[in-house]
Chemist: 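Structure in structure tokens, see below.
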Amino acid sequence: MTSPGTRADEEADDLGVEEALALVQENPGPAHRGHAGQDAHTPQHGRAGSHHRATPWPEARTTAERAARAAARAVRRTPVSVPLDAALGLTLAAPLAALTDLPSFDTSAMDGWAVAGPGPWAVRDEGVLAGHAEPAPLTDGEAVRIATGARIPPDTTAVLRTEHGRTDERGRLHPTREVVHGQDIRPRGQECRSGDQLLPVGTLATPAVLGLAAAAGYDTLTAVPRPRVDVLVLGDELLTEGLPHDGLIRDALGPMLPPWLRALGAEVRTVRRIGDDAKALRRAVTTSDADLIVTTGGTAAGPVDHVHPTLRRIGAELLVDGVKVRPGHPMLLARLKDDQHLVGLPGNPLAAVSGLLTLAEPLLRTLAARPAPEPYTLPLRDAVHGHPYDTRLVPVVLRGEGAVSLHYNGPAMLRGIAAADALAVVPPGGARSGQEAELLDLPWATGGIGVCFT
């Protein structure tokens with residue numbers, strides 16, 4: 001649900017300090033919120049006052065990581081055995097040690113002939129193919145056709161590539177260049193020996209890792225389990241199909257969040273539409289056993305914004321209550337149990353993306369034991385307007401050695417982020433043309449392991 005309070009807070013993104021303060025003062029904010037369970041008679045404060053208690057953007061991300069580490073320590077999660085075809089994007093919880101020599105027998109590296117001794121050679125009638133039993137030994141002066149990957153006959157001197165040999169009118173094979181002993185033969189154990197450690201604990205299961213594991217004899221991998229996530233979509237005004245009408249709007253977050261969360265390494269178990277129902281929200285939160293609950297909307301202080309009251313009633317601990325970032329200021333992170341957290345995303349779509357990358361991404365990444373991405377910067381092609389005192393996250397496309405900011409970057413807009421390669425982190429006050437800006441990659445834009453939607 002996007003309440004008037006939320007809109008006022010986010011419409012202030014592009015205003016000066018005085019105008020922003022005037023706007024938020026016209027829309028009084030929520031009561032002061034420290035840890036849940038706080039006295040219900042705490043004096044009221046406007047959004048201008050609550051802004052000063054909001055968490056700086058870098059600190060909010062660090063808090064989410066720290067919360068995940070504490071959860072992992074509190075309840076040690078048991079590693080799981082996962083089939084190779086389901087392990088993409090998981091983190092190894094045990095070293096990957098070779099179960100066999102690689103290759104497990106001497107094998108031909110090329111199509112051609114296996115030859116013994118100096119040429120010319122008499123060629124056997126029957127060739128050697130991959131996947132067949134060990135062929136008969138060769139004697140000096142003898143050759144046999146061989147395919148890439150086939151077992152090398154005993155007593156072979158070398159493999160002569162197809163393009164490096166010719167046969168005469170009597171069918172004898174002649175080399176067209178010097179033959180070196182052992183050429184184009186992959187000896188047994190060239191890559192590794194049985195028992196060698198191939199990859200350490202903590203390695204991310206990329207497609208190449210899955211291939212190596214299969215080659216080394218594995219059917220399953222021992223991995224850190226995916227964090228389990230339940231998504232609760234709030235708001236009576238949301239439609240799941242058709243065109244907007246009569247004050248109702250299409251739900252953009254229900255279709256967008258589950259695949260994005262999967263790309264961040266989560267197992268999305270349920271997506272439930274709750275509406276503006278405080279009792280249903282409380283029931284959904286208290287009955288979930290997910291590692292993370294993600295709610296959409298309802299994080300401000302309007303008459304149907306039920307997230308904060310629900311958290312107070314169940315005794316949750318607010319770790320982050322508002323972040324100094326635009327869009328997405330009214331996001332929150334709460335600890336429900338030692339091993340369970342809730343991320344409250346604003347209802348506006350781009351603001352929700354901001355909350356997802358600010359709080360959910362570091363928490364999920366840490367729970368999944370994924371390595372943190374290496375921070376990097378690129379110069380901004382053009383000057384980017386900033387917020388007076390908050391960080392801004394601005395959709396950009398990458399062009400050559402620079403980043404170009406996109407239009408349609410308001411809190412309720414997805415047009416910019418749909419075309420973006422990354423989000424630029426713009427400091428308070430803005431950034432000038434040519435200034436280096438930190439970039440947050442979008443999983444699918446990098447072509448990396450994050451593209452793991454299923």
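Atom set for the values below is all heavy atoms of this structure, side chains included, hydrogens, waters and symmetry mates excluded.
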Chemist: Nearest 0.5 angstrom please: T299 OG1 to H329 NE2, how far?
Modeler: 9.5 Å
Chemist: Say you draw a straight line from CH2 of W57 to CG of D390; how long is it, rounded to the nearest 0.5 Å?
Modeler: 12.5 Å
Chemist: Could you report the tightest heavy-atom contact between R269 and S288, atom names first, then the distance?
Modeler: NH2-OG, 4.2 Å
Chemist: Taking side chain as C-beta onward, heavy atoms only, is M331 less than 4.5 Å from V343?
Modeler: no
Chemist: Rounded to the nearest 0.5 Å, what's the gap from CG on D85 to CG on L210? Could you check?
Modeler: 9.0 Å
Chemist: OG1 of T107 to CD1 of I146: how many Å apart, nearest 0.5 Å?
Modeler: 7.0 Å
Chemist: Is the shortest side-chain heavy-atom distance between S108 and I152 below 4.5 Å?
Modeler: yes
Chemist: Verify side chain to side chain contact (heavy atoms under 4.5 Å, CB included) between L439 and L398, making sure each step is shown before the conclusion.
Modeler: CA-CA 10 Å; L439 296 181; L398 308 184; 3.7 Å; yes
Chemist: Return yes when atom CZ of F105 has more than 12 non-hydrogen atoms of other residues, nucleotides or ligands closer than 6.0 Å, and no otherwise.
Modeler: yes
Chemist: Are side-chain N/O atoms of D111 and T148 paired as donor and acceptor at under 3.5 Å?
Modeler: yes
Chemist: Can you check whether P227 reaches L292 side chain to side chain, under 4.5 Å on heavy atoms?
Modeler: no
Chemist: Around atom CZ of R272, are there more than 12 heavy atoms of other residues, nucleotides or ligands at under 6.0 Å?
Modeler: no
Chemist: Nearest 0.5 angstrom please: N409 CG to R326 CZ, how far?
Modeler: 14.0 Å
Chemist: Could you check whether any side-chain N or O of R392 sits under 3.5 Å from a backbone N or O of V384, counting only pairs where one atom can act as donor and the other as acceptor?
Modeler: no
Chemist: Let me confirm one number: the OG1-CG distance from T203 to L221, rounded to the nearest 0.5 Å.
Modeler: 10.5 Å
Chemist: Closer than 4.0 angstrom, basic N to acidic O: yes or no for R226 and E267?
Modeler: no
Chemist: Is there side-chain contact between L359 and H341, with at least one heavy-atom pair below 4.5 Å?
Modeler: no
Chemist: Quick one: do R188 and D106 make a salt bridge, cutoff under 4.0 Å?
Modeler: no
Chemist: Work out which heavy atom in A87 is nearest to a heavy atom in A205; give both atom names and the distance.
Modeler: O-CB, 3.2 Å
Chemist: Tell me if the CZ atom of R415 is crowded by more than 12 foreign heavy atoms within 6.0 Å.
Modeler: no
Chemist: Under the criterion side chain to side chain contact (heavy atoms under 4.5 Å, CB included), I'd like the reasoning laid out for L319 against T55: C-alpha separation, chi angles, the key distance, then a yes or no.
Modeler: CA-CA 9 Å; L319 304 177; T55 305; over 6 Å; no
Chemist: With side chain to side chain contact (heavy atoms under 4.5 Å, CB included) as the test, would you mind laying out the steps for L333 and V323 before giving the verdict?
Modeler: CA-CA 10 Å; L333 170 64; V323 177; over 6 Å; no
Chemist: Can you name the closest pair of heavy atoms from A68 and T366 and give their distance?
Modeler: CB-CB, 3.5 Å
Chemist: Using only atom types and a distance under 3.5 Å, with no angle test, would you say the side chain of D291 pairs donor to acceptor with the backbone of R228?
Modeler: yes
Chemist: Check whether any side-chain heavy atom of V229 sits under 4.5 Å from a side-chain heavy atom of L364, and report yes or no.
Modeler: yes
Chemist: Between L198 and C192, is there a side-chain heavy-atom distance shorter than 4.5 Å?
Modeler: yes
Chemist: Please confirm whether the backbone N or O of A368 pairs with a side-chain atom of T91, one donor and one acceptor, at under 3.5 Å?
Modeler: yes
Chemist: Is it the case that the side chain of R365 and the backbone of E65 share a donor-acceptor pair, with hydrogens and angles ignored and the cut-off at 3.5 Å?
Modeler: no
Chemist: Evaluate the criterion side chain to side chain contact (heavy atoms under 4.5 Å, CB included) for residue pair D184 and R161; output intermediate values, then yes/no.
Modeler: CA-CA 8 Å; D184 289 325; R161 300 185 185 189; 2.8 Å; yes
Chemist: Please give me the minimum heavy-atom distance between P95 and Q197, naming the atom from each residue.
Modeler: CB-OE1, 3.8 Å
Chemist: Does D251 reach the main-chain N or O of L253 with its side chain, forming a donor-acceptor pair under 3.5 Å?
Modeler: yes
Chemist: Any ion pair linking R283 and D277 (charged N to carboxylate O, less than 4.0 Å)?
Modeler: no
Chemist: Identify the heavy atoms of P395 and A420 that sit nearest to each other, and give their distance.
Modeler: CB-CB, 3.8 Å
Chemist: Main chain of P103, side chain of E191: is a donor-acceptor contact present, judged purely on distance under 3.5 Å?
Modeler: no
Chemist: Closest heavy-atom contact between Q435 and P427?
Modeler: NE2-CG, 4.1 Å
